[in-house]
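Presented below is the structure to which this report refers.
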Number of protein chains: 2
Amino acid sequence: MDGVTVAENTDAERAALLRFVERFALVLRESGMQPMPARVFAYALADDADRYTAAELADGLQVSPAAISGAVRQLVQIGFLVREREPGTRSDLYVLDDGQLWTRFVTAELQALRRFEDVVAAGIEQLGADRPGGRRLVETQEFFAFLGEVLADAVTRWPEERERRRLG
Amino acid sequence: MDGVTVAENTDAERAALLRFVERFALVLRESGMQPMPARVFAYALADDADRYTAAELADGLQVSPAAISGAVRQLVQIGFLVREREPGTRSDLYVLDDGQLWTRFVTAELQALRRFEDVVAAGIEQLGADRPGGRRLVETQEFFAFLGEVLADAVTRWPEERERRRLG
DNA sequence: AATGAGCTTCACACATTCGTGAAACCTCTG
DNA sequence: CAGAGGTTTCACGAATGTGTGAAGCTCATT
């Protein structure tokens, strides 16, 4: 696979890739992701390998190994990357598992939603529901619950939708 | 309504409110909102008034009027707050319109999704779809399209869902 | 056990972001 | 048209966040 990676990387294509990575990462940052994890994710998504060592990521993104270390830890924790180890080798491999990639994304969103629900529930308990602001909080709670259901439903439907779109 | 506002605000309740505002704002920040807009939104949501002057917001949140100015501008632009003016008064009034509050939230999310789609589409055009990374980008594009449809559908269903939850 | 490649941790310098205070600017009242 | 209440703009100081370099650590190989 190294042969392929090298073959595609004319300077121009490499530069175009990095420009895209930077643009995509910027949008991800606007949604709350940190700069370095956003870049690593965008890079792993858009480049052609299906597994990356930390060194390859550092090299490809032109950043220090230290920066990669922190970024992949977070991405692994969220579930965007899976850490693997080939027996008899010293370097970790990071792979973004194609099949479940975007279901994992929604799952992460769902966890964020859960945090919303928790905070709002605590607020209602603390501040009371029987006043104008309290009623708004209750409605907020109900909305987040609804949105959670909608997203959970979307996750289960995505695999078949994905197939349909691939064919249609 | 001023009477009500003052009446509820024992020091303890006021402090509890501000604690909640800070917690809620923190979660909003993690989703990409800026600190001050997040606080203002949380405060306007959780406190009991249904309209706030900039001075009231500054006072309630213990921050400078300058900070409010920037925050409300953004919130108005997103659609979370509506700016009003009572005839014969010198101060603007900011109201979060209860009815459409959370549909506006999803609408904002949809605009963010749109930005994703645009960036990814440009990336595909620039980098090509006929390679491993390109295929992932195409799938990404399709996923965002799907998610957009799901959210748009959720927005239209929320009003009736809201009623159902209120009664059930 | 010793070696060395590779990953991680830590302290630091740089950059960015945030909220304030003061002054300018409207806009309604008298 | 003068005056004042209220909002906005601007430059600044403080705080926060970000990525790097160097040292430390882990683990497969010899």
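Naming convention: chains lettered A, B, ... in sequence-line order (proteins, then strands); numbering from 1 in each chain.
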Sugar-phosphate, base or nothing in reach of B:Arg83, heavy atoms under 4.0 Å: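 Answer is sugar-phosphate: B:Arg83 comes under 4.0 Å of backbone atoms only.
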
Please examine the side chains of A:Val150 and B:Val150, heavy atoms only from C-beta on, and report whether any two atoms are closer than 4.5 Å.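 Of all side-chain heavy-atom pairs linking A:Val150 with B:Val150, at least one is under 4.5 Å.
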
Side-chain heavy atoms of A:Leu147 within contact of A:Leu113, under 4.5 Å: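 Yes, at least one pair of side-chain atoms sits under 4.5 Å.
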
Output a table of nitrogen or oxygen pairs between the protein and nucleotides 26-30 of chain C separated by less than 3.5 Å.
unit_1 : atom_1 : unit_2  : atom_2 : d
C:dT29 : OP1    : B:Gly88 : O      : 2.7

With a 3.5 Å distance limit and no angle check, can you tell me whether [X] reaches the backbone of [Y] through a side-chain donor-acceptor pair?
{"X": "B:Asp48", "Y": "A:Gly133", "value": "yes"}
{"X": "A:Arg73", "Y": "A:Ile68", "value": "no"}
{"X": "A:Glu56", "Y": "A:Thr53", "value": "yes"}

Calculate the interatomic distance between [X] atom [atom1] and [N] atom [atom2]; express it in whole Å.
{"X": "A:Asp92", "N": "C:dC7", "atom1": "CG", "atom2": "P", "answer": "6 Å"}
{"X": "A:Asp59", "N": "C:dA5", "atom1": "CG", "atom2": "C1'", "answer": "15 Å"}
{"X": "B:Gln34", "N": "C:dG19", "atom1": "CD", "atom2": "C1'", "answer": "12 Å"}
{"X": "A:Glu84", "N": "C:dG6", "atom1": "CD", "atom2": "P", "answer": "19 Å"}
{"X": "A:Glu56", "N": "C:dA5", "atom1": "CD", "atom2": "C1'", "answer": "15 Å"}

Please tabulate, one pair per line, all N/O donor-acceptor pairs under 3.5 Å involving side-chain atoms of residues 103-111 of chain A, not counting sequence neighbours.
unit_1   : atom_1 : unit_2   : atom_2 : d
A:Thr103 : OG1    : A:Gln100 : O      : 2.6
A:Arg104 : NE     : A:Gly79  : O      : 3.4
A:Thr107 : OG1    : A:Thr103 : O      : 2.8

Write down the atom of B:Val63, the atom of B:Met36, and the distance for their closest heavy-atom approach.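 In terms of heavy atoms, the two residues are closest at CG2-CE, 3.1 Å.
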
Verify the cluster assignment for B:Leu101 and B:Leu151: are they in a single hydrophobic cluster under the rule of side-chain heavy atoms below 4.5 Å apart?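 The answer is yes; both residues are in one hydrophobic cluster.
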
Near DNA chain C, which residues from residues 66-75 of chain B have a heavy atom under 4.0 Å away?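 Under 4.0 Å from DNA chain C: B:Ala66, B:Ala67.
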
Going by the ring-ring contact (aromatic ring centres under 6.0 Å, His included) test, which pairs reach into residues 49-83 of chain B, not counting sequence neighbours?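 Output for this query lists B:Phe41-B:Phe80, B:Tyr43-B:Tyr52.
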
A:Phe116: ring-ring contact (aromatic ring centres under 6.0 Å, His included) partners, not counting sequence neighbours: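 ring-ring contact (aromatic ring centres under 6.0 Å, His included) check on A:Phe116 returns A:Phe144, B:Phe24.
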
Compute whether any side-chain donor of one residue and acceptor of the other, for A:Gln141 and A:Glu117, lie under 3.5 angstrom apart.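 Not at all, the side chains of A:Gln141 and A:Glu117 share no donor-acceptor pair under 3.5 Å.
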
So which one's nearest nucleotide on DNA chain C is more toward 5', A:Arg29 or A:Pro65?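 Its nucleotide being nearer the 5' end, the pick is A:Pro65.
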
Range on DNA chain D touched by chain B, heavy atoms, distance below 4.0 Å: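 The contacted stretch runs from D:dG5 to D:dT9.
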
